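Below is one structure, written out as structure tokens; comments come after it.
Model, not experiment: these values are computed from the prediction.
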Amino acid sequence: MLRRHQNVQILVFAPNDMDLEQQTATEVAAFASSHGLKTLTLLKEKATRQNYLDAMSCPNLKGNFYDGDSNPSSFVTFDGVITSDEMTHFLSGAMKYHVTNIWLAC
């Protein structure tokens, strides 16, 4: 399990093994870091359900970049999916911060 990172400002999350998605996520993370933002990059096998939820609960989080697959009721992680019902429950409990979300998802 990912330990809670209190100072993370930007989460970059890309669970798929597609070169374009991995390259895009890496570039986004490098750009954020080059601008002084504390960036947590979770790619491929590190892009798990629990790691995503842990990172999204960081109190200093300002941005979330996701590059993967989704539909109206769930999105893909390396080890499964997170459903919209789970996110609704999560958002009403652990996450009470203003976070800008950018999603590249089919």
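Smallest separation of non-hydrogen atoms from A47 and L42: CB-O, 3.6 Å. Scanning both residues, V76 and P15, for their nearest heavy atoms gives O-CG, 3.4 Å.
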Exercise for the section: Take L40 and K46 through the test side-chain contact (heavy atoms from CB on, under 4.5 Å) and record every step on the way to the result. Expected result: CA-CA 11 Å; L40 176 61; K46 292 182 181 176; over 6 Å; no

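Classified by interplanar angle (parallel below 30°, tilted 30° to 60°, perpendicular above 60°), the ring pair F75/W103 is perpendicular.
Side-chain atoms of K38 and N60, non-hydrogen and from C-beta on, never get closer than 4.5 Å to each other. Between K62 and V8 the shortest side-chain heavy-atom distance does not fall below 4.5 Å. Side-chain contact between T100 and N64 is absent, with no heavy-atom pair separated by less than 4.5 Å. Between V99 and L61, some side-chain heavy-atom pair lies under the 4.5 Å cut-off. Taking 4.5 Å as the limit, every side-chain heavy atom of T41 sits out of range of all side-chain heavy atoms of T26. Side-chain contact check for M87 versus Y52: some heavy-atom pair is nearer than 4.5 Å. Here the side chains of L43 and F78 are not in contact, with every heavy-atom distance at 4.5 Å or above.
Under a 4.5 Å side-chain heavy-atom criterion applied to ILVMFWY residues, the cluster that includes M18 comprises that residue alone. Summarising the hydrophobic clusters (Ile, Leu, Val, Met, Phe, Trp, Tyr; side-chain heavy atoms under 4.5 Å, direct or chained), the residues clustered with L104 are I10, V12, V28, L37, F65, I102.
The salt bridge (charged side-chain N to carboxylate O under 4.0 Å, His left out) test applied to K44 returns D17, not counting sequence neighbours.
Between the side chain of S57 and the backbone N or O of D54 there is at least one donor-acceptor pair closer than 3.5 Å. In terms of modelled atom types and a separation under 3.5 Å, the side chain of R49 and the main chain of D79 share no donor-acceptor contact. One N or O on the side chain of E86 and one on the backbone of T83 form a donor-acceptor pair closer than 3.5 Å. Although no hydrogens or angles enter the test, the distance criterion places a donor-acceptor pair under 3.5 Å between the side chain of Q22 and the main chain of A14.
Taken to the nearest 0.5 Å, the OG atom of S70 stands 11.5 Å off from the CD1 atom of I82. Distance CD/E27 to CG/D67: 11.0 Å, rounded to 0.5 Å.
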